[in-house]
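Structure first, commentary second.
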Amino acid sequence: MNQSQLIKSLKPKYKEFKVSLFLLKKNRLTKMALYGVVLLVLIAIIVPILLPSAQHIDQDANPQQKLLQPSLRHPFGTDELGRDVFKRVLLGTRISLQTALIAVGMALLIGVPLGAVAGYFGGFLDEIIMRFTDIFLGFPPLLLAIAIASFLGPNLRNAMLAIAISWWPWYTRIVRGQAVSLKERQFIKASKAIGSPPRKIIFKHIIPNCVAPVIVQASMDIGGVILTIAALSFLGLGAQAPAPEWGLMVSTSRNYFLNAWWYSVFPGLAIFFTVLVFNLLGDGLREILDPKTRKN
Amino acid sequence: GGNNNGIGGADQMDIVYYAYNAEPILNWDPSVMFSNGVIILNNVYETLLRFDPDTKEFEGILATDYSQSEDGLTWTFNLREGVKFHDGTDFNAEAVKFSIDRTIEMEKGASYIWSAVEKINVVNDYTVEFKLSYPAPLNLIASSPYAAFIMSPSAVQNNGDEWFEQANEAGTGPYKLESSSMGDEVILAKYDDYWNGWEGEHFDKAIVKKVSETSSRRQLIEKGEADITHNLPAEDVEALKNVQNVEVLSLPSFTNLFGFFNTEKAPLDNVKVRKALAYAFPYDDVVNYAAGGYAEQSRGAIPKGHWGRGDDLFQYSKDLDKAKSLLDEAGINQGELKLLLTYMSGDEAEKKAAELYKAELSKIGVELEIRAMPWESQWEMAMDTNAQNRQDILMMYWWPDTSSPYSWLYSLYHTEEDILFNLAYYYNEDFDEIIDNAYALSGEDLDASEQEFIRAQEILIKDSPSIFMFDKEDVWILNSSLKGFKPNPAYPLVVYFYDCYRK
Amino acid sequence: MSERPYLHIKDLKINFVSYEGEKTVLNIDEIKINKGEAYGIIGESGTGKTVLALSILQLLEMPPGKIVSGQILLEGDDLLKKTQRQMQKEIRGKKISMIFQDPMSTLNPVFTVGEQMIKVIEENQKLDRKQAYKKAVEMINTVKLADAERVMNKYPHELSGGQRQRVIIALALSCGAEFIIADEPTRNLDVTIQAGILKLIKNLQRNLNVTVLFIANNPGLISATCDNAGVLYKGEIIEKGTTREILRNPQHPYTFTLLNAIPKNKDTKIDLSKVIPPNDGEEIKEGCIYYNRCLKKQESCKKQQKLLNVKDTHYVKCSLFREGVNNEQ
Amino acid sequence: MSSNILEIKNLKKYFPIKSGFFSKVSAYVKAVDGVSINIKKGEVLGLVGESGCGKTTLVNTVLNLIEPTEGEVIFDGKEMFTLNKKDLRDIRKYIQIVFQDPFWSLNPRMLVKDIIGEPLDVQAGMNSLEIVPKVEELLEMVGLPKEGVYKYPHEFSGGQRQRIAIARALALMPKLVVLDEPTSSIDVLSQAQILDLLGKLKEKFDLTYILISHDLSVVSYMSDKIAVMYLGKIVEYGDSRKIFENPKHPYTQALFAAIPDINTERIEDIATLEGNVPSAINPPKGCRFHTRCPKAMDICSKDEPKLITLSDGRSAACHLMK
Amino acid sequence: MKNYIIKRILLGILVLLGVIAITFFLTRVIPSNPAAQWVGPRATQEQINKATIELGLDKPLYVQFGKYLKDLFQGNLGNSLRTKQPVVKELKTYIPPTLELVFFSTILAIIIGIPLGLNSARKKDQPLDHFCRFFSVGAVSLPTFWVALFLQLIFFRWLSLLPLGGQLDTRIKLLYEVPHYTGLLLFDSLIDGNFTIFFDALKHMLLPAITISLYPIGLVARMTRSALLEIIGEDYIKAARSYGLKEKLVMWKYALKNSLGTTITVLALSVGYTLVNTFLVEAIFSWPGIGSYIATAVMSLDYPAIMGVTLFSACAYIVLNLIADIIVALDPRVRV
Ligand SMILES: Nc1ncnc2c1ncn2[C@@H]1O[C@H](COP(=O)(O)OP(=O)(O)OP(=O)(O)O)[C@@H](O)[C@H]1O
Ligand SMILES: Nc1ncnc2c1ncn2[C@@H]1O[C@H](COP(=O)(O)OP(=O)(O)OP(=O)(O)O)[C@@H](O)[C@H]1O
Ligand SMILES: [Mg+2]
Ligand SMILES: [Mg+2]
């Protein structure tokens with residue numbers, strides 16, 4: 001594709017983008033959520049670079065300064081070992097976002113193709129894949145993650161893995177549902193009539209048409225995953241001290257929370273804020289990407 | 001006590017409420033129980049003797065007195081008469097023989113403390129004789145907090161061994177079990193026929209309840225709902241000191257914290273490296289902040305207040321320069337050393353100590369990964385036959401099963417064929433010999449034995465197979481209306497409810 | 001026509017707000033419907049037929065919809081001035097009710113036909129349940145559904161498309177409304193069923209004297225059913241009059257083209273020169289809305305257009321009419 | 001007969017209705033039940049009938065998009081159902097289909113270039129650079145500006161979208177094009193243009209069409225031959241003009257009479273067929289139409305009439321024809 | 001329909017078997033030696049070896065699985081490594097309090113969540129909707145365990161209104177015969193007519209139930225809102241309005257009933273959430289349920305206990321979903 005072709009082929013995308021932007025503007029809550037997400041991403045990227053001492057976070061322990069009240073020096077106070085809670089909450093952003101993204105990414109990688117294949121081929125293959133998914137969906141949410149994480153051993157990597165393992169079936173289900181209805185769509189029939197092989201149909205027609213619901217689900221799931229990671233850490237199944245992971249911080253702060261409210265409040269608020277923002281974004285995206293809203 | 005059992009009189013009822021941080025009891029079998037259950041069973045059952053570490057005296061409980069033969073191989077106990085088990089049967093020498101034999105035969109829990117016992121003879125109804133295969137301090141053993149309880153033979157014979165597991169008891173203690181809901185809550189009620197009688201002021205009932213959140217325990221005691229609790233963060237303790245109706249009591253416990261090096265794995269097989277690591281440990285910070293000041297840096301392996309502790313033993317102190325130069329000597333460059341430390345999940349003090357240690361090590365270019373693990377997993381890892389797969393440093397508390405230095409030195413540093421608790425994998429024949437002899441001696445001459453135990457610790461300090469972190473203090477938080485409570489560190493966290501009353 | 005029309009729509013302008021900004025979807029100068037007549041509206045898909053129907057009942061979603069100006073007078077009473085509550089209490093179901101485009105989705109799937117009918121009757125005619133039931137059976141018989149009692153106990157999904165459409169008509173009638181808006185009531189039905197429905201509606205109008213606003217996208221449908229009709233194009237009535245006048249003597253180029261574009265048979269080829277618009281890409285902002293596609297456009301078309309009287313009741317919104325161009329057709 | 005491009009012989013398609021725990025097949029929807037038709041090269045066959053009578057199923061089966069239950073289809077001398085996968089793919093080049101709904105027959109997430117280019121990519125193995133000029137050519141052929149290459153389907157009107165679908169169908173120069181209600185969701189003006197375009201393309205490329213529609217005016221306008229279907233069967237088949245002038249089968253007659261046009265002045269002129277189409281699961285015994293037939297006789301409920309060829313060359317399946 | 005139900009039940013059983021298999025094999029990847037745990041700390045190698053054989057851990061995996069399944073069918077989940085008690089027996093005491101909590105929270109979720117969603121949908125894009133949406137999204141974004149801490153702080157420490165934790169006041173427990181028929185305290189005390197216990201139990205339940213129900217409230221509200229929005233846009237709602245039906249009737253009867261299918265399904269899901277949320281907060285509220293139980297089990301890697309709770313929760317969840325599906329399938333008024 002030469003350059004002018006490229007530019008031309010981008011133009012309609014730009015228009016789509018404009019539509020989204022319009023809908024976004026209309027939806028104030030979603031717009032704010034988007035700013036929130038951008039802010040969080042910026043924090044996650046920039047803070048570890050900007051803070052020269054971020055590499056030496058291990059050395060931050062300064063127990064003489066423990067559990068100091070919020071002040072100008074320590075806007076969120078200090079923790080039980082005299083570390084600055086503000087700094088740790090900021091640094092925790094990266095951990096949470098990164099793990100959530102990876103976990104959701106892994107779940108997508110497993111779930112989406114499986115769902116597309118099951119939905120498109122149907123029959124026996126569908127039956128097998130979907131029964132298998134049913135089994136995973138047979139666990140109440142979070143429970144499988146708890147079980148896996150507790151058996152794999154507590155660390156963040158395992159927590160991520162556990163979440164991915166317990167999360168993919170949701171995507172399989174969504175994508176399969178889409179695929180089944182798409183399969184009946186005439187453009188897929190047309191493609192079949194042309195003689196396209198199943199592989200092409202799945203990757204060119206089915207998966208791209210599942211993008212919207214999957215994106216909506218994924219953006220909401222990022223919130224859910226962050227909450228889950230925090231919960232796992234809270235149960236001692238996630239991040240390990242002294243990592244500045246929010247759930248772990250809340251878990252630790254439990255012991256001090258009658259003396260040092262700030263130590264519990266701020267990491268908890270950070271979780272709340274982040275999850276809220278992603279949930280609102282997902283909610284908004286659902287409306288924005290909904291073909292019904294989009295049609296006109 | 002002036003009890004008032006009316007429905008309206010709930011507040012006047014003489015109840016003592018002990019808020020405990022974990023399940024008060026998991027195993028009701030007095031021969032087997034080897035954990036939290038001490039706090040319950042020591043109120044329900046009794047042992048022949050009770051050891052007072054302050055005076056180093058043995059108080060007769062079910063035995064009135066005892067004697068020992070010249071060679072230290074025969075011990076004779078005269079038993080108290082007129083004692084009744086909770087099932088109504090009489091306590092006698094048969095019961096003692098039955099109980100100890102049962103414990104030995106079951107080979108569970110702490111039964112090994114009786115390993116020196118060859119035979120138990122019933123001399124007459126109220127005299128019992130222990131024949132030993134080698135000299136051992138049977139008075140200490142018989143006053144052990146675990147595996148030394150005397151139970152009703154008829155109860156066991158009538159009901160079978162499983163009976164205990166369904167939360168039943170057949171002891172002689174002042175309190176009997178009223179109800180228990182799994183491990184969470186145990187209610188004890190006074191045993192009317194207790195041999196020591198109920199003269200004076202006592203509680204009718206005692207409640208021991210699991211309250212795992214520290215904040216909850218603190219709030220319960222602050223609001224006067226609970227009478228006793230322990231294991232609160234230092235910050236809470238500080239705050240509680242200023243609360244009017246709360247009293248704080250701290251005293252040495254016999255629990256101390258170790259950091260065992262994996263001496264079988266390079267470079268920790270090099271004593272210089274181990275010393276360097278011992279010099280990098282922030283003892284003061286750990287004592288002050290991890291243990292909240294309720295601790296003292298260890299001097300050797302035996303905790304403060306326990307006999308066998310050497311008051312003049314050498315103590316490492318934090319000296320990063322020294323640590324660095326020792327590492328240089330051992331040929332280890334900055335940033336080269338990466339170590340894994342494991343500690344028991346859920347233990348705040350261990351966690352904080354590990355984090356503080358990590359911070360110090362980071363300053364001398366040693367990267368420490370710290371990992372919280374359930375005790376069993378941690379232990380499993382330490383027992384791996386391949387030294388490379390084990391953790392480099394393992395944090396562990398030790399407390400005595402019998403009040404002897406041997407409990408520490410033998411279990412933790414004696415050569416072992418299969419690894420059990422020698423988690424530093426320390427092998428030193430000289431050391432083994434010294435402590436074996438010292439143990440045998442302790443039955444006869446406690447002072448001589450003490451000197452030998454101290455000598456053994458000098459070797460340990462030189463070889464530095466572990467960091468001697470701190471000796472823990474027990475901190476008790478009491479409702480100030482609670483009187484008569486006297487903690488005994490030989491019986492960890494036990495509250496003898498019989499001694500307590502309210503004023 | 002000095003007599004006051006039953007329904008009188010005046011200068012109704014409705015916009016929709018979207019990402020492209022505001023767009024006018026309805027811009028009607030005037031529609032007059034007399035009591036007891038059947039009035040037809042024809043127009044392509046998307047010209048605003050449904051919007052018109054919904055706005056009469058104030059059921060249009062707002063936003064995105066927006067009423068810019070105008071009046072909808074029902075017996076002289078402006079419906080647009082009424083609140084939702086008033087509409088519900090006085091108008092909807094009482095005076096006007098509507099038959100929706102899609103018989104498949106107009107019935108509530110979770111209630112039986114009977115329940116739905118009874119509720120509507122109870123609500124609008126203040127009858128008790130028993131009487132309402134009787135009335136419902138009666139209504140079902142009116143729309144020529146056999147076995148009324150059995151139909152009453154069925155859920156919508158158990159009925160065929162034709163049966164459903166009849167039930168919907170029965171529902172619309174059972175309110176006791178004197179004015180029924182039928183929004184393409186046969187669009188999704190088979191021709192053989194369509195015929196029945198058309199007859200039914202016509203008979204209702206004739207026999208029960210209900211006023212009918214019949215919306216269709218196919219001129220064939222209104223020819224036998226409606227007395228008067230209007231042609232809707234991009235939200236504007238561009239021609240109106242008696243059905244006969246419009247179909248036999250179309251004056252607007254659009255109407256003309258529309259009628260010409262219907263294929264007849266193999267031997268009468270469609271004269272594409274009378275259908276395909278000039279592709280000169282010329283667009284105007286004001287003036288005639290048909291300008292771009294008009295085969296006869298002239299300078300005068302760029303001006304604002306007005307409804308012009310052709311003859312009697314026949315009006316057309318095309319400046320060419322005055323200039324006599326249209327008459328040559 | 002050698003000029004037949006497509007021969008359909010006794011084609012049946014039964015959809016199994018599964019029920020019971022082990023998904024036992026308890027009944028069949030006899031969507032197509034023994035259809036035989038021949039289509040000559042260059043001919044337009046119009047297929048009419050009520051909704052659900054099996055028109056779509058018939059063509060889908062012919063195209064082997066769904067498995068046939070029974071019967072044979074010979075396309076250009078080759079037996080379609082015995083072909084292996086590769087040969088089937090090859091033959092698909094020559095048969096194309098245009099669907100009813102122009103919105104859903106085009107993938108909304110693909111550019112026109114990729115939509116029309118798909119067959120070129122799949123069948124001709126062209127790369128992106130070769131495809132674009134070819135697509136532009138095709139767009140111009142169906143009367144769309146070539147700037148449309150880089151647009152999405154939703155940027156086009158219904159009629160335009162249908163042109164795109166036609167362009168895609170023609171990309172591989174097929175011999176037979178199936179048009180499944182190609183104009184039923186677009187307005188009459190666009191319809192006129194599409195019909196005209198289809199006619200022109202047919203001349204130009206010597207195409208054969210199968211045209212499905214329930215709009216009789218469209219069928220009469222386009223077709224050379226007409227097949228009237230009722231409940232999975234052909235009830236009348238023959239020359240389009242003859243059938244329109246003089247329908248023989250009572251169903252055909254009823255169908256034609258039910259359609260109002262702008263010349264219908266009185267509602268009474270519209271004929272109604274009483275009752276609904278019976279279920280294709282349990283079609284009535286005898287003549288399938290007898291339950292609704294105004295001229296039904298006793299025999300109609302017993303014997304199923306065969307499709308017999310009448311003197312004027314068309315055929316009908318009715319006992320009255322004897 | 002009958003067939004569908006049978007099929008659905010058999011499918012549920014299949015899923016259950018799968019769940020059992022997964023939990024079983026999960027436990028076999030644990031790095032710790034269950035036998036060592038069984039004999040407890042400070043045990044000898046010999047004791048451990050003996051326990052290994054006793055627990056059948058020396059046998060091949062499939063044999064172990066076979067035995068596990070067999071035991072399971074006999075209602076035996078093995079013994080807890082920590083307490084040595086049969087897990088089934090422990091579950092029996094821990095499940096009722098949790099069920100009670102879950103039940104109570106679900107009721108809260110229904111009576112708060114549905115009206116919230118409904119009003120939100122009714123006033124779409126108006127301030128009320130924004131508020132409801134923010135509230136419901138907020139409710140699902142809150143870390144439960146964190147909320148628990150603060151509710152305690154407010155209602156116990158500051159306001160002295162509600163108890164800190166536990167299921168019943170200890171003193172009340174000593175003074176009254178605590179009834180035990182079903183294990184559901186509220187229910188049992190009502191049977192007994194003992195209102196002192198009833199109200200005390202209610203007081204104790206309030207904080208944990210509110211904490212746990214936050215997520216389901218949000219979930220139910222959100223789902224109800226979106227289901228209703230979809231339904232409100234349908235022709236049949238417009239039609240109902242065009243017939244002049246009252247707004248109340250249209251919303252509360254017509255629309256809500258149509259969304260019932262979604263609501264029932266969501267409720268099943270939300271019970272799943274409450275069930276698992278108990279894992280996070282029961283310990284905080286010293287609630288003697290399976291949540292506290294599993295939290296301790298996780299800390300000490302008591303795998304038979306973890307497995308027991310996992311299996312129970314999964315079973316409950318599967319059955320619940322099954323029931324929801326069957327209700328949705330059975331009732332033609334809900335089936336769409
Ligand atoms: N909810 C809406 N939001 C935005 N635009 C709308 C909405 N509803 C209708 N429109 C626009 O209003 C115009 C008229 O729509 P309307 O549904 O009235 O057409 P119609 O004549 O009924 O067509 P059809 O024959 O397809 O039913 C269309 O251009 C459509 O895009
Ligand atoms: N995949 C399928 N499974 C089961 N039944 C089917 C399937 N596809 C179609 N049918 C049934 O086969 C019959 C014929 O359907 P078909 O789509 O061929 O009708 P049609 O004549 O094309 O109708 P329309 O005019 O509505 O498009 C109908 O009764 C339909 O319900
Ligand atoms: Mg419409
Ligand atoms: Mg079809």
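Letters A, B, ... are given to chains in the order of the sequence lines, protein chains preceding strands, and every chain is numbered from 1.
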[X], [atom1]: over 12 other non-hydrogen atoms inside 6.0 angstrom:
X       : atom1 : value
F132(A) : CZ    : no
R157(A) : CZ    : no
Y35(A)  : OH    : no
Y28(D)  : OH    : no
F121(A) : CZ    : yes
R173(A) : CZ    : no

(message) Can you tell me which portion of N60(D) sits under 4.5 Å from chain A's heavy atoms? Options are side chain, backbone, both or neither.
(response)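 N60(D) touches chain A through side-chain heavy atoms alone.
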
(request) Among E118(D), Q96(D), E147(D), K93(D), single out the residue with the greatest number of heavy-atom pairs under 4.5 Å to chain A. (result)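 The candidate making the most pairs under 4.5 Å is E118(D).
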
(message) So which residue, R92(D), Q123(D), K85(D), R168(D), ends up with the most heavy-atom pairs under 4.5 Å with chain A?
(response)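 Looking at each of R92(D), Q123(D), K85(D), R168(D) in turn, R92(D) comes out on top.
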
Are [X] and [Y] side-chain neighbours, meaning at least one heavy-atom pair lies under 4.5 Å?
X       : Y       : value
K204(A) : R109(D) : no
P197(A) : V122(D) : yes
F187(A) : P153(D) : no

(message) For G195(A), is there any backbone N or O sitting under 3.5 Å from a side-chain donor or acceptor partner on R89(D)?
(response)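 Flag set: sc R89(D) to bb G195(A) pair under 3.5 Å.
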
[X] side, atom [atom1]; [Y] side, atom [atom2] - distance, nearest 0.5 Å:
X       : Y       : atom1 : atom2 : answer
K189(A) : L63(D)  : NZ    : CG    : 11.0 Å
M110(D) : N209(A) : CE    : CG    : 9.5 Å
S191(A) : N107(D) : OG    : CG    : 8.5 Å
H205(A) : I115(D) : NE2   : CD1   : 8.5 Å
K192(A) : I97(D)  : NZ    : CD1   : 12.0 Å

